[in-house]
Amino acid sequence: MHRQRIRSVPSWRGGPPRRDCIFLSSDPSKPGMRGLHVAQVILFLSFSFHGVLYPCALVRWFVPLGNEPCPDAGMWIFQPELDEDGDRVTTIVHLESVVRSAHLIGLYGDQFLPKNFSHTDSLQTFHAYYVSKYSDHHAHELAF
């Protein structure tokens with residue numbers, strides 16, 4: 001059995017926050033990315049209701065740009081999901097829907113990044129992201 005650590009902490013090793021991204025199952029009958037959602041974990045939480053413990057995560061959603069992977073890179077492109085006010089869509093999900101971690105790569109365009117740009121700002125900076133299927137063989141099997 002394969003296990004991973006998915007982190008969401010306010011300070012990673014005394015530095016800025018670390019908020020990992022995840023694949024969530026949306027429709028197991030659909031192959032690859034057509035049956036998955038992508039989100040960033042903001043907070044892990046749990047609650048009890050009628051004696052049952054529910055482990056959950058507060059997540060920010062990403063939505064696909066198009067119905068196919070990018071023909072040039074072979075990877076799906078996702079963008080942050082925004083509500084009618086332009087704010088990021090945030091919801092609580094049950095941890096049973098989490099499939100594994102996801103790796104997003106910002107779409108940089110043709111401009112240089114500022115010299116003071118930090119990798120920790122990536123998921124708040126770019127307007128779109130590749131969902132990497134090359135991060136490991138498990139991601140390669142999922143993100144097609």
If two hydrophobic side chains count as joined below 4.5 Å and joins carry through other members, does [X] share a cluster with [Y]?
{"X": "L24", "Y": "L123", "result": "no"}
{"X": "V59", "Y": "V38", "result": "no"}
{"X": "W61", "Y": "F126", "result": "no"}
{"X": "L104", "Y": "V41", "result": "no"}
{"X": "V98", "Y": "F44", "result": "yes"}

Review item, side-chain donor-acceptor pairs of residues 62-73, under 3.5 Å, at least two apart:
residue : atom : partner : partner atom : Å
E68     : OE1  : R34     : NH2          : 3.0
E68     : OE2  : R34     : NH2          : 2.9

Work out which heavy atom in [X] is nearest to a heavy atom in [Y]; give both atom names and the distance.
{"X": "L82", "Y": "G86", "answer": "CD2-O, 3.7 Å"}
{"X": "L45", "Y": "A57", "answer": "CD2-C, 4.2 Å"}
{"X": "P28", "Y": "S25", "answer": "CG-OG, 3.7 Å"}
{"X": "P55", "Y": "L53", "answer": "CD-O, 3.5 Å"}
{"X": "Y129", "Y": "Q124", "answer": "OH-N, 3.9 Å"}
{"X": "R88", "Y": "P80", "answer": "NE-CB, 3.2 Å"}

message: Set out, in order, the CA-CA distance, both residues' side-chain angles and the distance that settles side-chain contact (heavy atoms from CB on, under 4.5 Å) for H103 and Y134, then state yes or no.
response: CA-CA 9 Å; H103 182 79; Y134 303 112; over 6 Å; no
message: Would the distance check show the side chain of S26 and the main-chain N or O of G35 forming a donor-acceptor pair, the cut-off being under 3.5 Å?
response: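 Side chain of S26 to backbone of G35, a donor-acceptor pair under 3.5 Å: yes, one is there.
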Could you measure the distance from the [atom1] atom of [X] to the [atom2] atom of [Y]? Nearest 0.5 Å is fine.
{"X": "K133", "Y": "M75", "atom1": "NZ", "atom2": "CE", "value": "8.0 Å"}
{"X": "H94", "Y": "C56", "atom1": "NE2", "atom2": "SG", "value": "5.5 Å"}
{"X": "I77", "Y": "M33", "atom1": "CD1", "atom2": "CE", "value": "11.5 Å"}
{"X": "I6", "Y": "R100", "atom1": "CD1", "atom2": "CZ", "value": "8.5 Å"}
{"X": "D85", "Y": "D83", "atom1": "CG", "atom2": "CG", "value": "5.0 Å"}

field: Pair listing, salt bridge (charged side-chain N to carboxylate O under 4.0 Å, His left out) test, anchored in residues 11-24, at least two apart
entry: R18-D20
- request: Output, in order, the C-alpha distance, side-chain angles, deciding distance and verdict of ring pair (Phe, Tyr, Trp, His ring centres under 6.0 Å) for F47 and Y54.
  value: CA-CA 5 Å; F47 63 92; Y54 294 93; 5.3 Å; yes
task: Would you mind telling me which of L43, L58, I42 makes a side-chain contact (heavy atoms from CB on, under 4.5 Å) with I92?
output: L58
Side-chain donor-acceptor contacts of residues 105-117 below 3.5 Å, not counting sequence neighbours, with atom names and distances?
none

